[in-house]
Every structure is written in C-alpha cells, then in structure tokens.
Amino acid sequence: MLKAAAELMQKHIILDTDPGIDDSLAILLAAASPEIVVDGVVSVHGNVSTEQTTRNALAVLELAKAGHVPVYKGCDLPLVKESLLSPETHGDSGLGYAELPEPLNQPGAGHGSDYIIERIMSEPGEITLVCIGPLTNVALAIRQEPRIVENVKEAFIMGGAIQYPGNTTALAEFNTFVDPHAAHIVFHSGMPITLTPLDVTYQCVFTKDDLNRLLKINSPITKFIADSTRFYMEFHDEYQSIEGCVINDPMTLALTFMPEICDYQDLVVDVDLSTGVGLGNTFADFYNYEKKPKNMRVAMGVRPRLFMEMFLERMEKLAQGAFAQGSESNG
Ligand code: BDR
Ligand code: CA
C-alpha cells in the first residue's frame, strides 16, 4: 500500500495508562505498530503514583525512540475511594527491576482529562481511547464534557473479570477495584466500549521461553523487557503460582489493530459499588434479566499465540531498531 494511504488508515489513539510493567510493554507495542498513531499519553494513578507513572511513561517512550509523543499528567486519586497502589506487583518504581534514565522530556501543560476532551472534541469521530489503568481520567472527562461520549470513535478498556476470579480481591480486577466509581461512570456513559477482562488476558502468559527468544537480540529494549518482567514473573509465581507473567495491557492495545485475537460478546456489564466483598466486581447479565441495552462488547475468547507471536515479532523489530525515528517512525 502507498505510504500516504496507509497513514490515512492509521487509528489515532490516546493511551490512558499507569505504567506499570505491562503498561510499559503496551507503550513499546504502540511504538512498534504502524497501524496506529499515538497522539498522546495520559498518566493516571494505579500501579504507582501519578508522579511516577508520568515519569515512567516519558522514560519508556524515550526508550522506544518515541519521545516526540506528548505525555499529560492525569488524576492522582480515585474519584471516591482512597488510593491503592500495587508495589508488590510492579515494584516501588512501577518498572520492576528495570532502571531507565531520567527522561529528557517534561509532561505537557494542562491536565490529562482536559487533553482527552480537547483531542476528542477537536476531531469528532477520529480518536480512539485505549485505557489500561483505573478509569479516573476518562470518568472526569465525561463529567466535564459529556459530549465526548458521542464524539470519541471508540474506547478499548483493560479491566474487570466477568467469569474469572479477581486479581486484587476474590471478585475484583485491579483497575475496576482501584476506581470502581470511575468504571461505573464510563461503563454506563454510552461510549462504544470494547472490554478486555481477565477472562482473556489470563489465557495468555508471557513465558521465560518468550523472554529468551527476545534476549537473542542484545538491545536496551530487550534488557528493559527482561529486567521488568523478571519482577512481574516473581510476583505471578509467588501470588498466583503462574510460570511467566500475564501481560494484560498490550493485549488490550493489540485489539485496536488485530481484533481477530479475540472473540466477543455484546453484553450488559455492571460494576459493584456496594461497600462489601463485591466492591469493584464486574458482572454480566448474560440472560439480560433486566432487559437493559447492551453497553459493551466484551472479549470472552482468545487466541493466545496469535497475540504472543505478533507481540514477540514486533518487540524483535523494535529491538533491532526498525522503528527508530527517521525510519518507519510511529507514535
Ligand atoms: C491491570 O492491573 C494492573 O496491574 C495492570 O497494569 C493491568 O492494567 C490488570 O488487572
Ligand atoms: Ca495498567
């Protein structure tokens, strides 16, 4: 395809993220994916504080030679609940054992939720949201400017556990548990949503063999992946007896350009806001007892190796410098 035609077909994305080890892998995948252009990254609290997720987003973009992508700092607290961070999963820095140089760039001026509003309203129907952290920024943006709901192209959201156990409480997934009120606002906003819950992400494990394949290339990218996922694998081993690690966030990003990785069901999905053991639990009314309109498309089946082969190939290309600025640069 001619380069100009290919560029016209690229999806323009805002990545709302809390890096985070798997968030960082999603940033690397974005930088290695010619089907998408990352217009901007918005940071949010979650795996670590927003101060740290902002710094990590800048540093990982620079590692991927995508330092031209602007980063906007978003909310540092959930809408209603107290803050909950997860150093046991992602390390104190959010990047496991990886150490990246201080980023050269600074975050852009203005709040992340204002950036979301400004981008969506200035190009109606063109901007895809990819949300891989707690949904605080997006919920705030909806409350500030409800018209973004009709004007966003679509939203891909990593969150929830529909028929799968929680990874933070017995019932709740991390992103929906950390800010269930934000998830409630977004889920019921009317935005066109594709949800990637733990039901599919936990079928897809990044293994030591996958890592060893990448380590055949000696590069700062493969070193970063090795140092960050080593911590993440230790967490999965200790807490969940999983060999390897589940990389939820890059799978969510991948669905924007490779939807065939998953099978989907249109469902009525809600999030529990009651202050008991169910807080943050996401559940689907499969038989639609309540006769409500379906509010999202949910990935419920997955082809794990289809995703993983694509991910590994793109990480290899990134590590070999194929996407260095000045060549097939992306983002
Ligand atoms: C989600 O929570 C975080 O630990 C990950 O970054 C991912 O977005 C998985 O539950
Ligand atoms: Ca995340």
Side-chain angles (χ1 to χ4, degrees), residues 13-30 41-50 52-54 56-57 60 71 74-75 78 83-96 98 112 129-138 155-162 164-180 182-183 186 194-206 225 228-229 231-236 238-240 242 244-255 271 279-282 298-299 302 307 311:
I13 280 177
I14 297 174
L15 187 63
D16 190 295
T17 177
D18 60 332
I21 295 168
D22 58 336
D23 298 79
S24 302
L25 299 182
I27 293 173
L28 296 183
L29 181 61
V41 170
V42 178
S43 61
V44 69
H45 68 96
N47 293 319
V48 281
S49 71
T50 309
Q52 192 68 37
T53 59
T54 309
N56 291 349
V60 176
V71 175
C75 296
S83 170
L84 175 75
L85 310 177
S86 72
E88 72 292 344
T89 315
H90 296 267
D92 289 337
S93 75
L95 301 179
L129 277 174
V130 179
C131 310
I132 55 177
L135 286 164
T136 320
N137 293 327
V138 183
F156 289 81
I157 296 173
M158 194 287 127
I162 305 295
Y164 203 81
N167 64 354
T168 301
T169 70
L171 295 170
E173 179 277 333
F174 182 75
N175 292 336
T176 56
F177 183 74
V178 168
D179 199 340
V186 177
T194 298
L195 189 76
T196 316
L198 300 184
D199 306 62
V200 286
T201 62
Y202 266 67
Q203 309 309 315
C204 189
V205 176
F206 177 76
I225 296 174
S228 58
T229 59
F231 188 96
Y232 210 29
M233 287 183 190
E234 286 173 7
F235 162 81
H236 281 76
E238 185 180 339
Y239 286 79
Q240 300 174 338
I242 292 174
C245 57
V246 178
I247 52 173
N248 315 270
D249 293 342
M251 183 192 280
T252 306
L253 179 91
L255 298 187
V271 55
L279 182 62
N281 179 27
T282 47
V298 185
V302 62
F307 163 71
F311 176 75

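Each ligand, and each atom within it, is numbered from 1 in the order the structure gives.
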Item to check | Taking every non-hydrogen atom, the tightest pair across Thr17 and Val41 | outcome: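 Taking every non-hydrogen atom into account, CG2-CG1, 3.6 Å.
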
Item to check | Thr89 to ligand 1, any heavy atom closer than 4.0 Å | outcome: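 Not so, Thr89 does not reach ligand 1.
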
Checklist entry - Would you say the side chains of Tyr239 and Glu88 form a donor-acceptor pair under 3.5 Å? => result no

Checklist entry - Would you say the side-chain atoms of Ser83 and His45 include a donor-acceptor pair closer than 3.5 Å? => result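 Distance-only check fails for Ser83 and His45.
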
For ligand 1, which is the ligand I care about here, please tell me if [X] has any N or O atom under 3.5 Å from one of the ligand's N or O atoms.
| X | answer |
| --- | --- |
| Ile132 | yes |
| Asp249 | yes |
| Asn47 | yes |
| Ser86 | no |
| Asp18 | no |
| Asn248 | no |

Item to check | Side chain proximity check, Pro19 to Asn47, heavy atoms < 4.5 angstrom | outcome: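 No, every pair of side-chain atoms sits at 4.5 Å or beyond.
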
Checklist entry - Given OD2 of Asp23 on one side and O of Ile132 on the other, what angle do they make at the Ca ion (ligand 2), to 10°? => result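 Angle OD2(Asp23)-the Ca ion (ligand 2)-O(Ile132): 80°, rounded to 10°.
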
Checklist entry - Is Asp18 close enough that one of its N/O/S atoms sits under 3.0 Å from the Ca ion (ligand 2)? => result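 Yes, since at least one N, O or S atom of Asp18 sits under 3.0 Å from the Ca ion (ligand 2).
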
Next on the checklist: Keeping His90 on the side-chain end and Ile21 on the backbone end, is there a donor-acceptor pair under 3.5 Å?
Outcome noted: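 A pair under 3.5 Å: yes.
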
